[in-house]
Amino acid sequence: MVSTTLQPSHARAATENQTLAVVSAAHFVSHFYILLIPVLLPLLKTQLGVGFLELGLALTIFNVVSGLTQAPMGFLVDRIGPRLLLIAGLVLGGLSFALLAVSTTYTMLLVVAFLAGLANCVYHPADYAILSEAMQEGRMGRAFSIHTFAGFLGGAAAPPVLLSVAAYAGLSASLLVAGLIGLAAAAALLIMPRPPHRNAGKTFKSTAGGTRRAIVSVLNPAILALTVFFTLLSLSLSAMQSFSVVALMASQGMSLATANVALTAFLIGASSGVLAGGYLADRTSRHGDVAAVGFGLSALLALALAALPLPALVIVAAMGLAGLLTGMIMPSRDMLVRRAAPPGAAGSAFGIVSTGFNIGGIIGPMLFGWIMDHQLPQWVFGAAVIFMSVTCAFGFIADRRTAGGLVESTPHT
């Protein structure tokens, strides 16, 4: 507290804004890189002379490596600090794709997928650890929302940027530009002054009293429950983002173009909702209730898509509203994790719960692909209703567990 209170309020706010901008830029790069290989799949297939199965192996390597290393990286972030690890992740990711630009072979693609997956495990633990320590409590929800929104922008920017460069200068140039984006973000983070820490002197090591006790402290019931929460969220998003187009075409008789309009409405709604959700998260302590209500209403909309024949305009509106509600709960979701984390252990906590995204990312495509293969498109939305409903219950429980004193961690102040 001392280091921040000694600064004039305007100077402190400027430092916080600079920190938020640079960390959000890193999150932009993270999502940009997640979509890099999927966006370039047709070009890589032609260039490398391999099939989609071989290319799918590269994506699997990326996700498995990222999933297995994210939780250990969270503990490392809390041990040695997030800033240098985040810089290292950006540099590793950038150099990996630059290397693929120089040597575009299938073997190199697999190596790059491994390295990029390793780099990707850094972002969530390091980003949230920096923001949790640098931002004022009253701005934390909005900081999380801007950080999440930057990730959405990175995903949205990947197709036009990568494909435009590839169209004008070729695949290698596109990969090289992608690499330079990561290196530029690393440089910005490197030259940024260290932000003041509001929890000066509180480290995970000193709080937990050793590695074994540190792990036990972070693996509390709230963190484990939130990992399940993130898994369910990932499964719901997989249904709405990855399979809604084919499900709407098969169940509602929509054309490919109209179904993609509905998906676009969901994505735009989610991007807008996450910014509004930041203000909401800063004005309430009942973050679990916010998440529960948002998912409960989203579940009702998904149920309507699963059970009722609807006009195209109504479907587009329902998808847009579902996206808005889904986006609005994300800052509250992040505040739940921060509240459950022991002091000084934000990196470990976010590293563990974010593994739920990887678990959902592995299960979801197989589950919904199986559903579509068995000609049950309405059950894409039906399964989303089930996952959203259970997520809703988890949100209500999360607030009441904390209120009842079952979570031993304390909020960061």
Side-chain angles (χ1 to χ4, degrees), residues 26-42 44-45 48 50-77 85-86 88-90 92-97 99-100 106-128 148 151-152 154-156 158-159 162 175 178-179 182 226-243 350-372 383 387:
H27 201 216
F28 176 99
V29 173
S30 168
H31 283 249
F32 189 95
Y33 282 171
I34 286 171
L35 283 181
L36 187 148
I37 294 177
V39 167
L40 296 178
L41 275 180
L44 288 168
K45 184 177 185 296
L48 303 178
V50 297
F52 285 115
L53 178 62
E54 288 83 359
L55 295 173
L57 176 60
L59 292 172
T60 299
I61 290 172
F62 176 91
N63 284 290
V64 169
V65 170
S66 183
L68 291 177
T69 54
Q70 194 155 215
M73 182 57 66
F75 286 97
L76 189 60
V77 162
L85 285 172
L86 184 54
L90 288 164
L92 178 60
L95 290 179
S96 297
F97 290 114
L99 181 62
L100 185 60
Y106 180 66
T107 300
M108 185 58 68
L109 174 64
L110 298 182
V111 172
V112 166
F114 178 91
L115 295 175
L118 186 60
N120 186 65
C121 79
V122 175
Y123 294 110
H124 275 183
D127 286 2
Y128 284 111
T148 302
F152 286 174
L162 292 169
L175 291 167
L226 285 166
T227 303
V228 178
F229 182 93
F230 272 54
T231 302
L232 292 167
L233 173 59
S234 177
L235 290 167
S236 301
L237 290 175
S238 180
M240 302 301 286
Q241 292 184 8
S242 301
F243 283 84
F350 278 101
I352 292 169
V353 300
S354 295
T355 304
F357 282 138
N358 300 107
I359 296 172
I362 293 170
I363 296 173
M366 294 187 295
L367 171 63
F368 296 118
W370 181 88
I371 288 173
M372 289 303 301
F387 295 134

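Positions are given from 1 along the sequence. Just so you know, these numbers come straight off a predicted model, no measurement behind them.
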Could you tell me which non-hydrogen atom of [X] sits nearest to which non-hydrogen atom of [Y], and how far apart they are?
{"X": "G74", "Y": "P125", "value": "CA-CB, 3.7 Å"}
{"X": "F387", "Y": "S236", "value": "CB-OG, 3.3 Å"}
{"X": "C121", "Y": "T69", "value": "CB-OG1, 3.1 Å"}
{"X": "V65", "Y": "G117", "value": "CG1-C, 3.8 Å"}
{"X": "A126", "Y": "L86", "value": "CB-CB, 3.9 Å"}
{"X": "A383", "Y": "I371", "value": "CB-CD1, 4.4 Å"}

Working to the nearest 0.5 Å, report the span between [atom1] of [X] and [atom2] of [Y].
{"X": "I363", "Y": "F368", "atom1": "CD1", "atom2": "CZ", "value": "10.5 Å"}
{"X": "L90", "Y": "Y123", "atom1": "CG", "atom2": "OH", "value": "4.0 Å"}
{"X": "L175", "Y": "L162", "atom1": "CG", "atom2": "CG", "value": "8.0 Å"}
{"X": "S96", "Y": "L36", "atom1": "OG", "atom2": "CG", "value": "11.0 Å"}
{"X": "L226", "Y": "I352", "atom1": "CG", "atom2": "CD1", "value": "11.0 Å"}
{"X": "L110", "Y": "L115", "atom1": "CG", "atom2": "CG", "value": "11.0 Å"}

Would the distance check show the side chain of [X] and the main-chain N or O of [Y] forming a donor-acceptor pair, the cut-off being under 3.5 Å?
{"X": "Y33", "Y": "G182", "answer": "yes"}
{"X": "S234", "Y": "F230", "answer": "no"}
{"X": "Q70", "Y": "G67", "answer": "no"}

Do [X] and [Y] touch side chain to side chain, with heavy atoms closer than 4.5 Å?
{"X": "M108", "Y": "V112", "result": "yes"}
{"X": "L55", "Y": "I37", "result": "no"}
{"X": "L109", "Y": "V50", "result": "no"}
{"X": "L76", "Y": "P72", "result": "no"}
{"X": "N120", "Y": "S30", "result": "yes"}
{"X": "F62", "Y": "I34", "result": "yes"}
{"X": "F357", "Y": "H124", "result": "yes"}

- Message: Can you classify the ring geometry of H31 versus H27 as parallel (below 30°), tilted (30 to 60°) or perpendicular (above 60°)?
- Response: perpendicular
- Does Y106 OH have over 12 foreign heavy atoms under 6.0 Å away? yes
